[in-house]
Amino acid sequence: MFLQHHLHYQGMASPVLRGMLKQAKGFGQKRSISIHGVPQDAVRVFIRFLYSSCYEKEEMKEFFAPLLVLSHAYVVPQLKLICEQQLEHGLLTLENVVDIFQLSLLCDAPRLSLISHRMILRNFKAISATEGWKAMKKSHPALEKEIVETVIEEENMQKEKIRKSNERKIYLQLCEAMEALVHICRDGCRTIGPHDKDFKKNQIPCNYGACKGIELLVRHFAGCKLKVPGGCIHCKRMWQLLKLHSRLCADSNSCKVPLCRTFKEKIRKQRKKDEIKWKILVKKILRAKRTREAHRSLCPQIPSLHEKQSGLLVPDSLVNLI
C-alpha cells in the first residue's frame, strides 16, 4: 500500500517513517512510500493511529498481529504497548498463542513473550494440537524442540515440588507425633498417661492433634502378643518412635518416655554407619519444626496438620524412612 501523507504528522509519531519520508520522492510536504506484507486495512488503522492516537476496538481485534508488527517496525511504542495490553487482557487464545509467541520474539516484546510462553506451558496438550503449533514445528523446529524441553523440565520440577511437599508433611507428622508422645507420657491425656496421673471425667480438650493416634498405638503396643522384630508393623512403628524420641530428647535422665535412657546408651555403642540415617531424619524433623513455628508466628490462625486431620496415625512411610 502506498502512503502519501504529510511528512510533519507522520514524522512526529514514527522516527522510522520520518527518515523514510525524507528520502521519498514527492513535492513540497507530500511524500510517497509503500508498505507491504500486511493487509491494507491494517495499514489504514495504523495511519489513523499515527494522526489521532485512537483506534476502534473491533479493528484492534481483527488486526492486532499486523499492528504489533507495524508498531515495532516503525517504532511506535504507544501502539506497541496497546497491542501487548490487548493481547494480555483477552485477545491471546489457545489458537493464536503460538503465533503471538513467535511474533513477540521477533518484535522484542519480552513481557508478551513471557505471558505467551507460560500459556503454552500451562496448556501444552491442547496447544500442541493446534494448527499454529504444527506450522511452527515445520518452520522453526529448533524453537519447537526448545519449548518441548522446557515443558519436560517444568513437569519434572512440579513432580519434585510435590515430592518435597509430601516429604515435609511426613516430617511434620513425625514432629507432632513426638510432641504427642511426650505429652502422653509426661502429662497424661484423656484416659492414658503416667500411673500416678489422676484422670478427671471433665478434662480440658487436648491441644495435641496427633494424640489420639499415638494413644491407639500405645494401647496396641501394651497388649500386642507379637512384639518380636518383624512380627507386628504397629509395634515396629512404636519401637521406631521410641528410638526417634531418644535421639531428639535433650534430657534422658528426667524424661518420662519409656526406654529413652536405654536407647540413648545404645546410640553410643551403635556403628556410625547405622547412625547416619537417624541423624539425617532428626535434622529434617527439626527443620520441619522450625518451619512450622515460623509459619505460626506469621499466620497464627493456620491450624497444624493434625488439627486438620484429627486422629491421624503415625505414617506408614515411617517404616521406610528409618
Side-chain angles (χ1 to χ4, degrees), residues 164-224 227 232-264 278-322:
K164 288 184 177 181
S165 176
N166 292 335
E167 199 174 72
R168 282 194 295 269
K169 287 179 182 178
I170 291 172
Y171 296 132
L172 187 55
Q173 285 179 343
L174 289 174
C175 175
E176 295 186 356
M178 291 295 97
E179 292 173 346
L181 179 63
V182 172
H183 164 62
I184 288 174
C185 297
R186 183 190 61 199
D187 308 319
C189 182
R190 286 185 280 260
T191 60
I192 190 171
H195 63 87
D196 57 348
K197 176 72 175 179
D198 182 21
F199 294 100
K200 299 178 181 179
K201 291 184 179 181
N202 298 322
Q203 295 188 59
I204 300 173
C206 181
N207 292 323
Y208 292 85
C211 199
K212 185 176 180 181
I214 296 298
E215 178 183 344
L216 293 173
L217 198 59
V218 170
R219 289 190 182 281
H220 169 85
F221 185 73
C224 184
K227 286 190 178 66
C232 174
I233 191 170
H234 300 297
C235 291
K236 185 176 181 180
R237 285 198 192 99
M238 191 66 216
W239 280 114
Q240 289 171 332
L241 284 178
L242 293 172
K243 289 178 181 179
L244 180 58
H245 163 78
S246 68
R247 287 165 170 82
L248 289 165
C249 185
D251 188 5
S252 298
N253 293 323
S254 61
C255 181
K256 292 189 177 182
V257 175
L259 302 176
C260 180
R261 187 173 180 180
T262 302
F263 282 128
K264 277 281 190 185
W278 284 102
K279 286 182 178 179
I280 293 173
L281 180 59
V282 168
K283 184 178 180 180
K284 290 183 176 180
I285 290 174
L286 291 175
R287 185 185 301 158
K289 183 178 181 180
R290 287 194 298 270
T291 302
R292 181 196 63 181
E293 290 171 352
H295 286 173
R296 283 182 176 176
S297 65
L298 294 173
C299 306
Q301 73 278 12
I302 297 178
S304 70
L305 180 65
H306 284 293
E307 286 171 345
K308 289 188 278 187
Q309 299 178 353
S310 182
L312 188 65
L313 289 172
V314 181
D316 293 342
S317 50
L318 175 61
V319 179
N320 299 324
L321 284 171
I322 304 176

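The shown structure was predicted, so the numbers you read here are calculated from the model rather than taken from an experiment.
Lys243 meets the side chain to side chain contact (heavy atoms under 4.5 Å, CB included) test with Arg247, Phe263, Trp278; sequence neighbours excluded. For His183, the ring-ring contact (aromatic ring centres under 6.0 Å, His included) partners at least two apart in sequence or on another chain are Tyr208. Partners of Glu215 by salt bridge (Lys or Arg N to Asp or Glu O under 4.0 Å), not counting sequence neighbours, listed by chain and number: Arg190, Arg219.
The distance from atom CG of Leu181 to atom CD of Glu179, rounded to the nearest 0.5 Å, is 11.0 Å. Here Arg287 contributes atom CZ and Cys175 contributes atom SG; the two are 13.0 Å apart, rounded to the nearest 0.5 Å. In this structure, CD in Glu176 is found 11.0 Å from NZ in Lys289, a value given to the nearest 0.5 Å. The SG atom of Cys260 lies 9.0 Å from the CG atom of Asn253; values are rounded to the nearest 0.5 Å.
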- Item | Verdict with supporting geometry, Leu281 and Tyr171, side-chain contact (heavy atoms from CB on, under 4.5 Å) | CA-CA 8 Å; Leu281 180 59; Tyr171 296 132; 3.5 Å; yes
- Query: Does the side-chain contact (heavy atoms from CB on, under 4.5 Å) test come out yes or no for Cys255 and His245, once each step is laid out?
  - Reply: CA-CA 10 Å; Cys255 181; His245 163 78; 3.1 Å; yes
- Task: Check the pair His295, Thr291 against side-chain contact (heavy atoms from CB on, under 4.5 Å), reporting the backbone distance first and the verdict last.
- Result: CA-CA 6 Å; His295 286 173; Thr291 302; 3.6 Å; yes
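Environment of NZ in Lys264: crowded, with over 12 heavy atoms of neighbouring residues, nucleotides or ligands closer than 6.0 Å.
The two atoms that bring Ile214 and Ala180 nearest to each other are CG1-CB, 3.9 Å, heavy atoms only. Nearest heavy atoms, Leu248 versus Ile285: CD1-CG2, 4.4 Å.
With contacts defined as side-chain heavy-atom distances shorter than 4.5 Å, the pair Ser246/Leu259 does not qualify.
His234 and Arg237 share a donor-acceptor pair across their side chains, judged by distance under 3.5 Å alone.
Not a single donor-acceptor pair under 3.5 Å links the side chain of Lys256 to the backbone N or O of Cys185.
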